Amino acid sequence: MEGNIDSNAVAEIFERIALLLEIKGEDRFKINAYRRVAESLRNETRDIYALYKEGRLKEIPGVGKAIEQKICELLESGKLEFYEKLTEEVPDKLLSLYEIPEMGPKRIKTVREMLGIETPEELERAAREGKLKDLPGFGPKVERKILEGIKAFKEKRLSSRFPLGEAWKYLQVILDHMKNCEGIIAICPAGSLRRMKETVGDLDILVAAEAEASEKITNTFTNLGIMDEVILSGPTKTSVRLKGGLQADLRIVEPARWGTALQYFTGSQQHNILLREAALKKNLSLSEYALTDTISGVEILCPKEEDVYGRLGMSWIPPELREGTAEIKLALEKKLPKLIETEDIKGDLQIHSNWSDGKRPLKEMVEKACELGRSYILITDHSQGLGVAKGLTPDRLTQQWREIDELNEMLADKIVILKGTEVEVKADGSLDYDYELLKSFDVVVAAVHSNLRQDRDQLTERYIRAISHPLVHILAHPTGRLFGSREEAEADWEEIFQTAASTGTLLEINAHPSRLDLSEKRIRQAFNLGCKFVISTDAHDIYEQEYMFFGVAQARRAWLTVEDVANAQSLDAFLGLIKKRSGVHHER
DNA sequence: GCCGTTTTCGGCCCGACTGTTTTCAGTCG
């Protein structure tokens, strides 16, 4: 059973401790230790209770004796005396002051000690009355910036992140706009977009160019059609706000320093910190400009990113793994897994046509799949009960199968079209087609679309019943989340994944950018419980079949390899996986 | 407070930018 404190909740406590210790003026290395553990815990996908019970908490990077004890205390009692003592000294309501731009630990400490300010409201009043500008470390400009910051804070304009798919569309517009600009030797996204994080804070774009070309490139960038305002612009760095609110940063570097610059701007911050620490152990100091020998002071330029990692004795680390977890250690040992790639995907296992709610005829969807080099696809139009999606009755299914047969004949040397369904899981966990009909599909994909707000136990039971059905091969977009409009359904995912593992039901990683479901954390959790996966586009239009790479990226972020993904196998191997499972269950 | 292919003690990423400064502190990524 999952407890009520998960690793995210523990991370939150340690993050708060770090921030409070900063205000208190504690040793900055101790503060970093807490911050690092918080970051590790946010990335931790193993069940923290299990680690605790097995005495393996120290496996979490950054957890030593003292922090291990604190985690134990939290898990046992739900409280932490150290934290409570700390907040007597430094009240935690001060933390909201960190939300205001320009307010860091030193200034928070100052306003508290000199003016007794503890909240944004009190800070705003003092700023309006002009009381801040005379404090040490403040001044008229800081005071004005703080007032502007509070305004943005109140209007909730700060720090909103964009779904990866949206940020990616903006990126395409920018790349398209820049592609004919003279002087660009290389251009590449960096930051969390390059790491394919499911949400993106801002768009970092790196350009390699000689210094003379900088002005022209900058001008091209700031003349973007989708640009709202230029925030700042210099010879090497330009920041703009795009219409819609996303910030985009352009950075121009000389080609000889491309490797270190791309490495630095890709991050994550935690990854960079650990990488730079590892560099220092080899007497090399790493910055975005170069590796510098700390003894001789000689600069080593790295034109390629591979050079940076290579010089540090590591294999190149895929951006999706650069979160400061275990990747640097494994790269040093040259033991990084070979991650799955989009080119490894042999078949797409969720495709809709205008037989149900897809926008295009079956034939066009199949032709696109051929063009993308798929060797098999599964047509998964909706089942009859999903009226809003023109779900198929048995009669219409028969007609559809006739068309599939014809297409299979016509395209026999190119692709195999499998007959499938995205069958509705009803509120009680039963399926929307009867057993006999289900048996006639090549592959059955089950999905929950309605009543996602059932109570937790009911919903869990419903999923388990569906997964345990002997004819269900794949569970589509398992948690039902939709970016910006629907959170993951509340259910006991650990139990559900355990059932999927024991029944051999494959879990879908839905590549559609509005879903990305399972999330990377859930993939990892399911993987640890022994599940296998498929990655499907859930395409409802031709072009959406190209979005496979979004799903593959999430799989990569969860460290999956070809072996973990059923549709990265040949058709025979894939069907073997499915048959084996059905066989086992038919014997019951 | 953590950590160890030079260390169980003595280290702990690096730089840009801004504004308040008289040589640098604070914030940010």
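Quick caveat, the model's predicted, so the values are computed rather than measured. Note on naming: letters A, B, ... go to the chains in the order of the sequence lines (proteins, then strands), and numbering restarts at 1 for each one.
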statement: Separation of B:dT20 atom P from A:L132 atom CG, nearest Å, is 12 Å
Distance test, side-chain N/O of A:K106 to OP1/OP2 of B:dA25, below 4.0 Å: no
task: Using modelled atom types only, decide if a donor and an acceptor are shared between the side chain of A:R42 and the backbone of A:A11 within a distance under 3.5 Å.
output: no
Nucleotide B:dC2, atom P - distance to CD1 of A:I31 in whole Å: 14 Å
- request: Give none if B:dG10 has no partner; otherwise give the nucleotide forming a Watson-Crick or G-U wobble pair with it, both distances under 3.5 Å.
  value: B:dC3
query: How is A:K109 classified with respect to the nucleic acid when contacts are heavy atoms under 4.0 Å: base, sugar-phosphate, or nothing?
result: nothing
- request: Using atom types as modelled and distance alone, determine if a side-chain donor or acceptor of A:E323 lies under 3.5 Å from a backbone N or O of A:T325.
  value: no
message: Is the ring pair A:W168/A:F549 parallel, tilted or perpendicular, if the boundaries are 30 and 60 degrees?
response: tilted
task: Determine the Euclidean distance between corresponding C1' atoms of B:dG26 and B:dT21; express it in Å to zero decimal places.
output: 12 Å
- request: Rounded to whole angstrom, note down the P distance from B:dT20 over to B:dC28.
  value: 15 Å
message: Please classify the nucleic acid contact of A:V37 as base, sugar-phosphate, or nothing, using heavy-atom distances under 4.0 Å.
response: nothing
task: Look at the rings of A:Y309 and A:H271 and say which category their plane angle falls in: under 30° parallel, 30 to 60° tilted, over 60° perpendicular.
output: tilted
query: Given the C1' atoms of B:dC13 and B:dC2, what is the spacing between them in whole Å?
result: 16 Å
query: Is there a donor-acceptor pair closer than 3.5 Å between any side-chain N or O of A:T119 and the backbone N or O of A:E122?
result: yes
Chi class for B:dT21: syn within 90° of 0, otherwise anti: anti
First of A:P61 and A:K145 reached from the 5' end of DNA chain B, by closest nucleotide: A:P61
- line: With B for base contact, S for sugar-phosphate-only contact and - for none (protein heavy atoms under 4.0 Å), nucleotides 4-17 of chain B reads --------BBBSS-
- request: Take A:E22 and A:R35, measure what salt bridge (Lys or Arg N to Asp or Glu O under 4.0 Å) needs, and give me the verdict at the end.
  value: CA-CA 11 Å; A:E22 244 180 336; A:R35 189 156 283 146; 3.1 Å; yes
query: Any cation-pi pair here, A:K70 with A:F14, using under 6.0 Å and within 45°?
result: no
